[in-house]
Q: 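This is the structure, below, for whatever I ask next.
Because the structure is a prediction, the values reported are computed rather than measured. In this chain, numbering begins with 1 at the start of the sequence shown.
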Amino acid sequence: MALAIASAIALGGAVHAAPAAQGARAETPFLSQVDAFARSARVSNVDYVLDFTLTGKETFAGTTTVTFDLKDADAPVTLDLKDATVKSVSVNGKPVATRYNKWFVTLDAASLAKGRNTVVIDYERLHSTNGEGLHRMVDPADGRVYTYSHFEPVAAQQMFAVFDQPDLKASYTVSVTAPRDWHVVTTTRETKIDERGANRHWTFKTTKRLSPYNFSLHAGPYQVWEDNSGKYPMRLFARQSLAKLVVPADWFRQTKAGIGFFEEYFGIPYPFEKYDQLIVPDFLYGAMENAGAITFAEARYGVANMTAEQKQSLTEVIMHEMAHQWFGNLVTMKWWNGLWLNESFASFMGVLATVESTEFKDSWQKFYQSGKQRAYIQDQTASTHPIEVPVPSSSNAFDNIDAITYSKGGSTLKQLRHLLGEDVFRKGVHNYLVKYSWKNATLDDFIGSLGEAAGRDLSGWTKQWLYNAGVNTIAANYSCSGGKIRNFTLAQTAPSKELPTLREQRVQVGAFKIDGGKLTLVKNVPVTYTGAKTAVPEMNGTACPDLVYPNYQDWGYAKVKLDGRSFATARTNLAKVDDPLLRAMLWQSLWDGVRDAELPLNDFLTVALNNAPLEKDYTLLGDVLGKVSESKAYLNAMNLDNAYTRQTTLALEKMAWDGVLANKGNADFQRRWFNQY
């Protein structure tokens with residue numbers, strides 16, 4: 001699931017009740033981790049046969065046949081099914097009384113058997129209209145009806161009776177009766193389509209073993225495009241009234257590139273037989289990684305004439321959801337406390353794949369300027385939290401889905417890749433995916449695979465990074481004598497007494513000189529630092545630099561405090577920095593100076609007025625102008641009416657308008673400047 005384009009949602013109002021007695025499930029709308037693990041300790045080897053009748057009307061009918069192994073028949077078993085009308089229940093071929101509280105069906109112990117059991121539940125239900133379960137939408141443009149499913153975290157139960165928890169993986173065999181002009185899409189391709197009067201009956205191949213939230217079903221009169229030029233058949237779906245806005249060639253090109261990259265990187269073939277992508281309405285999030293049938297929010301991705309930024313965002317999200325096909329679908333978290341790792345890994349790998357396999361080579365810069373900065377900001381507030389947190393109930397699954405989950409988590413994995421080495425990290429990921437294919441795994445399993453590949457114990461690293469909140473600050477301390485550096489050290493500080501953790505991290509220390517009107521790299525030293533002070537003897541003897549940046553190329557997750565000489569150079573020489581990522585990081589250091597009350601706002605605005613008009617990098621220009629907008633908001637909030645504020649306001653407006661005029665013929669850049677104006 002892509003948070004870069006999704007709202008962070010916390011499901012409030014949960015009831016957290018302990019089980020009434022051992023083996024009894026709490027009578028609440030949500031499933032506690034205790035009850036979930038108690039159920040998966042008894043239930044295994046699950047298979048679903050699902051039959052649906054879809055008419056396009058507000059309700060649909062379904063039959064769930066679930067077969068499973070039961071360790072013992074000493075206590076009841078529950079099947080999740082939310083807000084349905086249950087018509088009948090049978091267990092092992094015998095009708096039983098329906099025990100249903102609108103949240104789950106209880107199967108009495110007396111009707112169950114140790115070993116293999118089969119349960120059949122017939123029901124009807126309203127389609128959802130809130131983006132969960134089997135969502136239904138009537139297109140206001142032409143009256144056509146479209147449906148699609150969304151099950152994360154625990155909304156499969158809004159469509160069929162299910163053990164709705166990630167560690168009860170199952171196979172799914174699906175059949176669907178739907179109107180004749182509809183397409184039906186699920187994890188596998190159809191094996192047969194029978195004509196049935198005004199309807200057609202679709203039968204699908206049995207899936208591999210998936211967690212419920214990875215399974216999906218979508219149906220409606222979608223426009224469909226196909227591309228069979230790659231290793232796997234690809235399809236793209238959108239509602240018909242939107243079709244003219246879609247450029248399917250862009251989707252197929254990036255998808256094919258991504259599959260090739262991930263197969264090579266992971267050393268494991270794509271786990272599913274086809275790659276479908278659906279642009280769907282009313283979607284709650286940016287996208288969702290349903291196995292083999294990924295959904296995307298049409299509000300963001302079903303648009304015509306995308307800007308360069310929108311195209312890049314779409315590509316990154318395609319790659320994010322694709323990474324999940326291996327890390328999330330092939331290997332799945334055991335419980336919802338593992339959601340951060342699922343999303344962080346996909347965030348990290350999505351950017352890596354975009355950089356390595358597409359034209360958007362500056363995606364790490366975009367990641368630094370957007371998601372990573374949101375993580376830095378949140379990590380400096382009272383609301384920050386560790387990356388790894390307990391999730392007592394399914395109602396808490398999304399409580400901490402935020403910039404810490406996605407962007408700090410992704411940054412931490414990026415840092416770990418540099419700490420261990422790229423080849424070692426890749427080997428550890430490969431071994432993890434092979435060992436736990438079609439199974440569930442935990443954080444310890446993942447870290448254990450990386451540690452084994454690296455030949456080191458990562459438990460200390462895990463505690464520092466994943467169980468403690470806060471962002472550290474690093475700074476270069478050195479002196480110069482005779483034009484040379486002496487006594488170079490890296491200093492690391494913790495944010496507060498409440499967040500005292502100092503961390504192990506590997507970064508690059510870059511030293512720069514102004515040479516011929518440009519800021520030129522003269523020394524670059526990789527350094528693994530720990531504790532409050534780490535000597536860097538490799539820097540001693542280097543020509544005294546005009547600027548030192550102790551997180552060159554953004555390997556690390558840390559705020560950078562520039563030394564006095566470097567700070568002065570950054571303020572006066574931004575336009576002399578050729579590397580756009582380094583420029584972005586220097587801009588950020590100056591902005592951090594404003595936020596930390598170390599650089600006056602008027603000084604920052606002077607730098608912006610002198611340097612922003614010279615910025616030719618599209619991604620960075622948006623970031624700089626965003627900082628200018630925040631600066632202007634600060635000025636407005638002060639409610640001052642003096643010569644400085646009037647002159648500065650006019651200067652900023654002139655800068656923006658001049659930017660519009662200077663970029664005639666370049667719509668993307670013009671749009672950047674016009675929005676600023």
Q: With side chain to side chain contact (heavy atoms under 4.5 Å, CB included) as the test, would you mind laying out the steps for N199 and W182 before giving the verdict?
A: CA-CA 9 Å; N199 298 316; W182 281 25; over 6 Å; no
Q: Donor-acceptor check, side chain of S32 to backbone of D35, threshold 3.5 angstrom: yes or no?
A: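 Confirmed, S32 side chain pairs with D35 backbone.
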Q: Shortest non-hydrogen contact from A73 to L112?
A: CB-O, 3.8 Å
Q: Between the side chain of W335 and the main-chain N/O of V391, is any donor-acceptor distance below 3.5 Å?
A: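 Looks like yes, one N/O pair under 3.5 Å.
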Q: Looking at D194, T177, T53, D51, which hits side-chain hydrogen bond (donor to acceptor under 3.5 Å, both in side chains) with H201?
A: T177
Q: Between R136 (side chain only) and K57 (backbone N and O only), is there a donor and an acceptor less than 3.5 Å apart?
A: yes
Q: R39 and side-chain contact (heavy atoms from CB on, under 4.5 Å): which single residue from L79, V34, D80 fits?
A: D80
Q: To the nearest 0.5 Å, how far apart are CZ in R25 and OG1 in T106?
A: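 Atom-to-atom, R25:CZ and T106:OG1 are 8.0 Å apart.
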Q: A41 and K71: which non-hydrogen atoms are nearest, and at how many Å?
A: O-CD, 3.5 Å
Q: Check the surroundings of atom CD in E58: do more than 12 heavy atoms from other residues, nucleotides or ligands lie under 6.0 Å from it?
A: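 For E58, atom CD is not crowded (no more than 12 foreign heavy atoms under 6.0 Å).
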Q: If we check ring pair (Phe, Tyr, Trp, His ring centres under 6.0 Å) with H135, which of these qualifies: F60, Y148, F151?
A: Y148
Q: Evaluate the side-chain proximity of L443 to W340: yes if any heavy-atom separation is below 4.5 Å, no if none is.
A: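 Touching, per the 4.5 Å side-chain cut-off.
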Q: Any side-chain heavy atom of W103 within less than 4.5 Å of one from L31?
A: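 No. Closest side-chain heavy atoms not under 4.5 Å.
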Q: Looking at E190 and K205, does any basic side-chain N land under 4.0 Å from a carboxylate oxygen?
A: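 Looking at E190 and K205, the cut-off is not met.
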Q: When you check the gap from the basic side-chain N to the acidic O, do D47 and R116 get nearer than 4.0 Å?
A: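 Here D47 pairs with R116 in a salt bridge, since their nearest N and O are under 4.0 Å apart.
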Q: Measure from the ring center of Y436 to the ring center of F446 and say whether it is less than 6.0 Å.
A: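 Not under 6.0 Å, so no.
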Q: Please state whether the rings of F283 and Y285 are parallel, tilted or perpendicular, taking 30° and 60° as the class boundaries.
A: perpendicular
Q: Would you sort out whether V119 and T65 count as a side chain to side chain contact (heavy atoms under 4.5 Å, CB included), showing the intermediate values?
A: CA-CA 6 Å; V119 177; T65 302; over 6 Å; no
Q: Counting distance only, does the side-chain N/O of S111 pair as donor-acceptor with the main-chain N or O of L107 below 3.5 Å?
A: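 Side chain of S111 to backbone of L107, a donor-acceptor pair under 3.5 Å: no, none is there.
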Q: With the side chain counted from C-beta on, respond yes when V46 and T67 share a heavy-atom pair under 4.5 Å apart, and no when they do not.
A: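 Not touching, per the 4.5 Å side-chain cut-off.
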Q: Can you find a pair of side-chain heavy atoms, one from P166 and one from W336, that are under 4.5 Å apart?
A: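 With C-beta onward as the side chain, the pair touches.
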Q: Give a yes or no on whether a salt bridge exists between K87 and E124, defined as a side-chain N under 4.0 angstrom from a carboxylate O.
A: yes
Q: Examine distances only and state if a side-chain atom of S344 and a backbone atom of T405 form a donor-acceptor pair shorter than 3.5 Å.
A: yes
Q: Look at the aromatic rings of Y275 and Y270 and report parallel, tilted or perpendicular, splitting at 30° and 60°.
A: tilted
Q: Is it true that, when you exclude K102 itself, more than 12 heavy atoms of the residues, nucleotides or ligands shown sit nearer than 6.0 Å to its NZ?
A: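 Yes - once you tally the heavy atoms of other residues, nucleotides and ligands closer than 6.0 Å, there are more than 12.
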Q: State which residues pass side-chain hydrogen bond (donor to acceptor under 3.5 Å, both in side chains) with T255; sequence neighbours excluded, sorted by chain then number.
A: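 In terms of side-chain hydrogen bond (donor to acceptor under 3.5 Å, both in side chains), with neighbours along the sequence ignored, T255 is linked to Q277.
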Q: I need the D402 CG to S383 OG distance, nearest 0.5 Å.
A: 7.5 Å
Q: Would you say that S393 contacts Q33 through its side chain, given a criterion of any heavy-atom pair below 4.5 Å between the two side chains?
A: no
Q: Going by the angle between their ring planes, with limits at 30° and 60°, are F272 and W438 parallel, tilted or perpendicular?
A: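 Correct class here is perpendicular.
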Q: Could you go through the side chain to side chain contact (heavy atoms under 4.5 Å, CB included) check for V174 and T188 one step at a time?
A: CA-CA 9 Å; V174 179; T188 57; over 6 Å; no
Q: Before we go on, tell me: are the rings of F296 and W251 under 6.0 Å apart, centre to centre?
A: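 Yes, close enough.
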Q: Can you say whether the rings of F204 and W202 are parallel (under 30°), tilted (30 to 60°) or perpendicular (over 60°)?
A: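 Ring orientation of F204 relative to W202: parallel.
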Q: On a heavy-atom basis, which atom in L81 and which in A161 lie closest, and how many Å separate them?
A: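 L81 and A161 have their closest heavy atoms at CD1-N, 3.7 Å.
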Q: N440 and S211: which non-hydrogen atoms are nearest, and at how many Å?
A: ND2-OG, 3.9 Å
Q: For the side-chain hydrogen bond (donor to acceptor under 3.5 Å, both in side chains) test, which of K372, E343, R374 pairs with Y406?
A: E343
Q: Which heavy atom of N329 sits nearest to which heavy atom of L210, and what is that distance?
A: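 In this case the closest contact between N329 and L210 is O-CD2, 4.2 Å.
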Q: How long is the straight-line distance from NE2 of H183 back to CG of L278, given to the nearest 0.5 Å?
A: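 So the CG of L278 and the NE2 of H183 are separated by 10.5 Å.
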Q: When you compare the side chain of E152 with that of H150, does any pair of heavy atoms fall below 4.5 Å?
A: yes
Q: Counting distance only, does the side-chain N/O of R125 pair as donor-acceptor with the main-chain N or O of Q158 below 3.5 Å?
A: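 Yes; judged by distance alone, with no hydrogens or angles, the pair exists.
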Q: About how many Å separate OG1 of T186 and CZ of F52, when rounded to the nearest 0.5 Å?
A: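 The OG1 atom of T186 is 8.5 Å from CZ of F52, to the nearest 0.5 Å.
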Q: Any donor and acceptor pair, going by atom type alone, linking the side chain of Y100 with main-chain N or O of A84 inside 3.5 Å?
A: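 Answer holds: yes.
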Q: Considering residues at least two apart in sequence or located in another chain, which fulfil the side-chain hydrogen bond (donor to acceptor under 3.5 Å, both in side chains) criterion with Y213?
A: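 Partners of Y213 by the side-chain hydrogen bond (donor to acceptor under 3.5 Å, both in side chains) criterion, ordered by chain and then number, come out as N342.
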Q: Passes salt bridge (Lys or Arg N to Asp or Glu O under 4.0 Å), D139 versus R144? Steps please.
A: CA-CA 5 Å; D139 191 338; R144 291 185 172 98; over 6 Å; no
Q: For L433, does its backbone N or O pair with a side-chain atom of S437 as donor and acceptor, under 3.5 Å?
A: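 Checking the backbone N and O of L433 against the side chain of S437, a donor-acceptor pair under 3.5 Å is found.
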Q: Find the distance between NE2 (H127) and CG (L54) and round it off to the nearest 0.5 Å.
A: 5.5 Å
Q: Kindly compute the distance separating CG (L413) from OG (S411), expressed to the nearest 0.5 Å.
A: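 Between atom CG of L413 and atom OG of S411 there are 9.0 Å.
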Q: Donor-acceptor pair, distance only, cut-off 3.5 Å: does the side chain of D164 make one with the backbone of Q157?
A: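 Yes; at least one donor-acceptor contact below 3.5 Å.
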Q: Looking only at the side chains, is there a donor atom on one of N337 and E388 sitting less than 3.5 Å from an acceptor on the other?
A: yes
Q: Could you tell me how the ring of W326 sits relative to the ring of F266: parallel (under 30°), tilted (30 to 60°) or perpendicular (over 60°)?
A: tilted
Q: Taking C-beta and beyond as the side chain, do V96 and D108 meet within less than 4.5 Å on heavy atoms?
A: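 V96 does not reach D108 side chain to side chain.
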Q: Please give me the minimum heavy-atom distance between L168 and V43, naming the atom from each residue.
A: CD2-O, 3.3 Å
Q: Can you give each donor-acceptor pair under 3.5 Å made by side-chain atoms of residues 218-225, sequence neighbours left out, with the distance rounded to 0.1 Å?
A:
residue : atom : partner : partner atom : Å
H218    : ND1  : S149    : N            : 3.3
H218    : NE2  : S216    : OG           : 3.0
Y222    : OH   : T147    : O            : 2.9

Q: Mind checking whether F215 and Y172 have parallel, tilted or perpendicular rings, split at 30° and 60°?
A: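 The arrangement is parallel - the two ring planes meet at less than 30°.
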Q: Any side-chain heavy atom of M137 sitting closer than 4.5 Å to one from P281?
A: yes
Q: Under a 3.5 Å distance rule, please check whether Y123 uses its side chain to pair with a backbone N or O of M159 as donor and acceptor.
A: yes
